[in-house]
Amino acid sequence: MTDTSDRGGPGAPIPDDADVMSRDMRWFTYATGLGVRVEAEAVPEPRPDTEVAPALPEAALGDRTPLPRGTAELLERAPYPHGRADAPRERADALGHALVAGFGLQRREPENPFNDHRPYPSVRAKFPVQVLVRDGRHRRVLDLYRHALTGVGRQDGAAGPLEVALAGRYTRLPDSYRWFRSSLIGLELGVNLRQLCLGLDLFGLSGRLRLPDRGAAGLLTDFGLTPESEWSLPLTVALEDGGPPVAAAPAERAADPVLDGILTVNRAQDFTGSAALGPSVPAGLPRDGALSWAEVLWRRSAGRMPRGMYGMTGRRRPVPERTLREAVSWLSVPPPGPHLAAAWEELRLTAVFQGIEGHADGVWHLRDGRPTLHRARPGAAAELETHYGYPVTPYAGGDIRHASAVWFLSAHPRRLVDRLGPGGFTAAQYAAGWAAQGISLAAAATGLYARPARAFQEVPTRQLLGLDPDEMIVCAAITGTPRFEGLLCDLRL
């Protein structure tokens with residue numbers, strides 16, 4: 001693809017009719033000049049959606065270290081939002097509980113086509129991000145269905161400090177998502193980073209975050225994550241100083257031109273240094289003691305439908321202002337480290353509110369932690385529904401017209417690159433995923449569902465929200481009151 005920044009003048013940095021699967025890649029080329037071919041004739045036909053990579057890496061065949069049990073009970077005794085669990089004295093046990101708290105199975109909904117549910121959302125419930133642990137000698141992957149850390153990669157090093165890594169596998173998502181898998185994995189890495197920070201925080205653990213540099217592919221080799229061209233560069237959190245060294249790996253290419261384009265984006269990251277993890281939970285939330293952390297994580301939902309139908313639906317109702325304050329508080333906590341904080345500062349938060357106490361229906365901007373009315377517009381939520389990629393049908397729900405708030409995170413791609421280099425494009429996705437998970441947890445605490453989405457048609461949505469022509473919608477989150485309830489099978493340990 002060639003740079004289209006001049007096509008149609010300054011109001012059209014990329015073609016307005018760019019399809020959703022290639023749109024983000026076009027934004028990347030516009031911002032960086034690093035071209036990726038996205039014409040249909042340049043790539044092979046996608047494989048059937050049933051042909052995806054397995055849930056765990058193929059190398060996950062080693063010995064298993066059982067995870068501790070009783071995490072749910074410990075979290076039941078930890079009041080939301082400021083309570084913390086009684087952490088075991090042994091660091092390994094505390095880390096095990098932290099991983100279960102952040103990522104563990106919560107429930108099965110028998111009528112839901114996408115199971116099982118965790119305390120965070122994922123595209124089609126594929127959960128393409130793997131949680132990996134190494135201590136120098138051992139490399140292991142979080143294996144939730146065996147409630148264990150299963151050996152993967154090299155097991156022959158010297159003992160060393162604990163480190164947790166997050167890596168996403170592009171081929172875990174259906175091939176029909178094409179280049180769009182790049183952004184989806186970036187967003188899910190941001191979601192998973194917040195969950196990792198939350199789990200560590202709940203069990204009294206601290207660490208230092210390192211974002212990928214150009215040599216970070218060596219970690220993929222170290223963990224046995226092959227083919228490396230199917231994996232994102234890892235985000236790593238060292239729980240102790242002086243993690244085991246890993247040799248840098250050369251930049252690789254993929255035979256699949258779609259994956260090769262995705263790698264162009266991911267391997268453009270070149271961040272240096274590490275930074276201490278900051279808070280993942282806002283400090284100013286009221287201490288009402290009505291909920292435990294176990295209940296909040298259990299409640300997290302992206303919406304439900306009855307009888308095996310797809311999507312989500314809700315019911316319109318007045319929402320107290322406290323619900324909005326909760327979400328705004330969670331959105332006030334930046335992700336850790338200077339690079340992600342800079343990307344966070346470049347994100348703009350815009351929302352369509354409906355039926356929220358003390359706030360007119362319409363379009364609002366979040367500035368300096370406070371909602372500011374941009375345009376009173378009754379019916380804006382119903383108009384948004386017409387721009388949603390999953391219309392309401394007899395088989396699926398895409399209910400936007402009843403939503404209480406639809407949050408949009410947007411950014412100017414060239415500003416990101418000017419500030420952070422080409423890797424700033426991916427850093428913005430990490431930051432947006434972090435924010436989206438904050439919205440999810442705020443919704444769970446206030447009785448709402450929250451569905452992160454990238455399915456809104458960008459051009460008409462941008463016009464409705466009053467965004468700039470050179471502004472890209474990075475992520476959205478739909479929040480509302482659920483209409484349906486049903487049987488919940490508890491899977492917590």
Side-chain angles (χ1 to χ4, degrees), residues 18-28 36-58 60 109 112-118 120-130 144-145 166-192 220 225-232 254-266 302-303 305 308-312 388-391 393 395-398 426 429 432-433 436 451-458 473-476 478:
D19 68 282
V20 68
M21 299 307 177
S22 69
R23 176 170 286 275
D24 287 12
M25 201 63 74
R26 295 175 188 271
W27 276 118
F28 176 78
V36 177
R37 294 191 67 191
V38 295
E39 290 79 7
E41 64 272 14
V43 299
E45 288 293 317
R47 297 173 299 165
D49 280 6
T50 52
E51 295 184 19
V52 296
L56 286 177
E58 289 88 339
E109 300 170 359
N112 198 317
F114 298 119
N115 276 304
D116 291 314
H117 296 273
R118 307 186 192 187
Y120 59 101
S122 178
V123 176
R124 293 195 179 190
K126 291 298 185 185
F127 299 101
V129 174
Q130 298 291 338
L144 291 173
Y145 284 96
L166 304 172
R169 191 171 193 177
Y170 300 111
T171 51
R172 177 67 182 154
L173 299 180
D175 204 27
S176 60
Y177 280 79
R178 314 307 271 162
W179 303 272
F180 195 30
R181 290 172 288 175
S182 173
S183 292
L184 294 176
I185 292 293
L187 291 167
E188 293 212 20
L189 281 164
V191 168
N192 279 252
L220 300 177
L225 302 181
T226 57
E228 292 165 15
S229 59
E230 295 185 7
W231 292 85
S232 74
D256 179 345
V258 177
L259 279 179
D260 194 61
I262 290 171
L263 291 181
T264 299
V265 179
N266 186 255
M305 291 289 290
M309 296 170 68
Y310 293 91
M312 84 295 178
Y388 190 54
Y390 296 100
T393 72
Y395 313 102
T426 300
Q429 291 158 358
R451 176 172 288 253
R454 279 297 314 272
F456 287 97
Q457 300 167 27
E458 187 173 58
I473 295 175
V474 184
C475 186
I478 307 157

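Quick note: residue numbers are just sequence positions, from 1. As a basis for the values below, the full set of heavy atoms in this structure was taken, side chains included, without hydrogen atoms, waters or symmetry mates. As the structure is a prediction and not an experimental result, all values here were calculated from the model.
A distance of 11.0 Å separates CE in M25 from CZ in R178, rounded to the nearest 0.5 Å. Considering CZ of R172 and CG of L184, their distance stands at 14.0 Å, rounded to 0.5 Å. Atom OG1 of T426 sits about 10.0 Å away from atom CG of L187, to the nearest 0.5 Å. For the atom pair K126 NZ and Y177 OH, the distance stands at 9.5 Å (nearest 0.5 Å). Residue Y170 holds its OH atom at 9.0 Å from CG of L259, rounded to the nearest 0.5 Å. Expressed to the nearest 0.5 Å, how far CD1 of I185 lies from OG of S232 amounts to 6.5 Å.
Ring geometry for Y388 against F456 counts as tilted: the plane angle lies between 30° and 60°, on a 0 to 90° scale.
For E51, the CD atom sits in a packed shell: over 12 heavy atoms of surrounding residues, nucleotides or ligands are nearer than 6.0 Å.
Closest approach of D256 to V258, counting heavy atoms only: OD1-N, 2.8 Å. Between R169 and P227, the closest heavy-atom pair is NH2-CD, 4.0 Å. In terms of heavy-atom proximity, A167 sits nearest to W231 at O-CZ3, 3.8 Å. Residues S183 and Q429 come closest through the heavy atom pair OG-NE2, 3.0 Å. Of all heavy-atom pairs spanning P128 and L173, the tightest one is CG-CD2, 4.1 Å. Residues V43 and W179 come closest through the heavy atom pair CG1-CZ2, 3.6 Å.
Although no hydrogens or angles enter the test, the distance criterion places no donor-acceptor pair under 3.5 Å between the side chain of R454 and the main chain of A476. Judged by distance alone, with hydrogens and angles left aside, the side-chain atoms of S122 form a donor-acceptor pair with the main-chain N or O of F127 at under 3.5 Å. A distance-only check finds no donor-acceptor pair linking the side chain of E188 to the backbone of V129 [under 3.5 Å]. With hydrogens and angles disregarded, a donor-acceptor distance shorter than 3.5 Å links the side chain of E458 to the backbone of I473. Without hydrogens or angle criteria, Q457 side chain to V20 main chain gives no donor-acceptor distance under 3.5 Å. Using modelled atom types, one side-chain atom of R23 and one backbone atom of A18 make a donor-acceptor pair closer than 3.5 Å. Although no hydrogens or angles enter the test, the distance criterion places no donor-acceptor pair under 3.5 Å between the side chain of D24 and the main chain of F180. Of the possible polar contacts, one joining the D19 side chain to the S22 backbone as a donor-acceptor pair under 3.5 Å is found.
R181 places a side-chain heavy atom less than 4.5 Å from the side chain of D175. Side chains of N112 and H117 form a contact here, defined as non-hydrogen atoms less than 4.5 Å apart. Annotation: side chain of P257 is not in contact with side chain of R37 (no heavy-atom distance under 4.5 Å). The shortest side-chain heavy-atom distance between D260 and V36 does not fall under the 4.5 Å cut-off.
When only modelled atom types and interatomic distance are considered, S176 and D49 share a side-chain donor-acceptor pair under 3.5 Å.
Between F114 and Y310, the ring center distance clears the sub-6.0 Å criterion.
Every residue meeting the side chain to side chain contact (heavy atoms under 4.5 Å, CB included) condition with D116, not counting sequence neighbours, appears here in chain and number order: L105, R108, Y145, L491. Applying the ring pair (Phe, Tyr, Trp, His ring centres under 6.0 Å) criterion to Y395, with sequence neighbours excluded, gives no partner residue.
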Worked check of side chain to side chain contact (heavy atoms under 4.5 Å, CB included) between I478 and M312: CA-CA 10 Å; I478 307 157; M312 84 295 178; 3.8 Å; yes
